[in-house]
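Following: one structure in structure tokens, then a few remarks.
Worth knowing before you read on, the calculation uses all heavy atoms, side chains too, and leaves out hydrogens, waters and symmetry mates. Sequential numbering from 1 along the given sequence is applied to the chain's residues.
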Amino acid sequence: AVPVHIDCDELFLSEDGTLMRASGSASATFEGTTIRADLLVLEQVQSSSWRLSATGHVALDVGEEIAVQSETLVAEVDTETGAVLAHTAQATSLAGSTRFTNSDGEHVELFFRAERGELRFEEGRVALLEAFGSELTTCNCCNADLRSQPYSLRAERLLLYPDRLFVAFSLTGRAAGVGLVWLPLYVQPLKETLEAPLFPAVGNSAARGWFAKWSLPFFLNESVYGN
């Protein structure tokens, strides 16, 4: 039996139940995750493993923590434990947003887009979004393009741990689309303040006179990072 709930206008199901095609406002729902697209293809690859391919106006919602839109998406789905859980999902030309609460208790929405990316799941939740050719900002003025926002960040590679941390490699900071600063690595916890600013701290002391101080971040994994 197909392990997900399907809504669509047209449905094809193979006689052995291992292949399904849903088209026309199609959606697949399982364990708090919903995938919508013009075309959904669900294929059984092993006894407890399925591949879900989505094409055309793809939208992925995982609870209230993250929402992604893309041109295509391919998800690996496992039913071995009895629950229907996604392990990974690859997407092209993706955009989306995630919400978090910062150290001041403010609710913030982070907007992003990327040329391609992979989502990795743990127990039905997105544990990591790895994206390439990505841009992000917390501004959404007049729904303008990300590059046209008052500020935006461009990263060759982005690691986004929803509600926890983002790590950017080869990052360019922009103001109104104009590049101002480049950093090889930038690490920013989403719930706390890490002193790794985009710009150096400038000060004056009697002993040293005027000085500029810049924090150098490091990152090993989601639990080991700092500056």
Side-chain angles (χ1 to χ4, degrees), residues 27 29 31-37 54 57-71 73 75 86 89-169 171-181 183 185-199 217 219 222 225:
S27 68
T29 304
E31 301 296 333
T33 298
T34 300
I35 300 174
R36 298 182 299 276
H57 302 93
V58 180
L60 167 69
D61 295 304
V62 184
E64 298 181 354
E65 62 189 42
I66 191 168
V68 175
Q69 299 83 44
S70 66
E71 289 185 359
L73 183 142
Q90 290 82 33
T92 60
S93 299
L94 66 149
S97 64
T98 183
R99 296 177 177 86
F100 64 94
T101 303
N102 65 17
S103 57
D104 295 326
E106 300 171 331
H107 299 291
V108 181
E109 189 166 10
L110 181 67
F111 303 91
F112 60 85
R113 72 178 185 186
E115 296 170 3
R116 60 186 177 90
E118 178 177 278
L119 296 104
R120 300 171 195 170
F121 297 80
E122 291 181 2
E123 298 180 352
R125 301 187 63 181
V126 176
L128 171 64
L129 167 62
E130 182 176 15
F132 298 89
S134 58
E135 297 189 35
L136 63 156
T137 184
T138 55
C139 298
N140 188 25
C141 299
C142 303
N143 291 316
D145 183 79
L146 265 64
R147 181 176 294 206
S148 302
Q149 298 296 333
Y151 92 92
S152 64
L153 305 175
R154 165 80 181 182
E156 293 302 314
R157 179 183 176 219
L158 173 70
L159 302 178
L160 174 61
Y161 300 87
D163 201 35
R164 290 177 291 164
L165 175 75
F166 82 76
V167 182
F169 299 86
L171 177 139
T172 301
R174 294 175 176 153
V178 179
L180 299 178
V181 64
L183 294 174
L185 173 66
Y186 183 70
V187 181
Q188 179 60 59
L190 298 178
K191 286 190 174 182
E192 60 187 86
T193 300
L194 180 68
E195 294 186 2
L198 287 177
F199 298 97
F219 174 81
E222 61 180 298
Y225 58 85

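In this view, Phe166 and Tyr186 satisfy the ring-ring contact (aromatic ring centres under 6.0 Å, His included) rule, not counting sequence neighbours. With sequence neighbours left out, the side-chain contact (heavy atoms from CB on, under 4.5 Å) criterion links Phe132 to Arg116, Glu130, Arg157.
Here the shortest heavy-atom pairing between Thr98 and Phe112 reads N-CE2, 4.2 Å. Minimum interatomic distance between Ser27 and Arg36 (heavy atoms only, all atoms of both residues): CB-CG, 3.7 Å. Across all their heavy atoms, Ala127 and Pro162 have their closest contact at O-CD, 3.8 Å.
Within the model, atoms CZ of Phe100 and CD of Glu109 stand 10.0 Å from one another, a figure rounded to the nearest 0.5 Å. Atom-to-atom distance recorded for Ser97:OG and Leu136:CG is 12.0 Å, nearest 0.5 angstrom.
A perpendicular orientation is assigned to the rings of Phe219 and Phe169, their planes being inclined by more than 60° (bins at 30° and 60°).
In summary, the side chains of Ser152 and Glu135 do not present any donor paired with an acceptor at a separation below 3.5 Å, with no hydrogens or angles considered.
Salt-bridge formation is not detected for the pair Glu71/Arg113: no Lys NZ or Arg NE/NH1/NH2 atom is positioned less than 4.0 Å from an Asp or Glu carboxylate oxygen.
A donor-acceptor contact shorter than 3.5 Å links the side chain of Tyr151 to the backbone of Thr138.
Ile66 places none of its side-chain heavy atoms less than 4.5 Å from the side chain of Arg125. Looking only at side-chain heavy atoms (C-beta outward), Leu119 and Leu60 come within less than 4.5 Å of each other. The side-chain heavy atoms of Leu158 and Leu153, taken from C-beta on, include no pair separated by under 4.5 Å.
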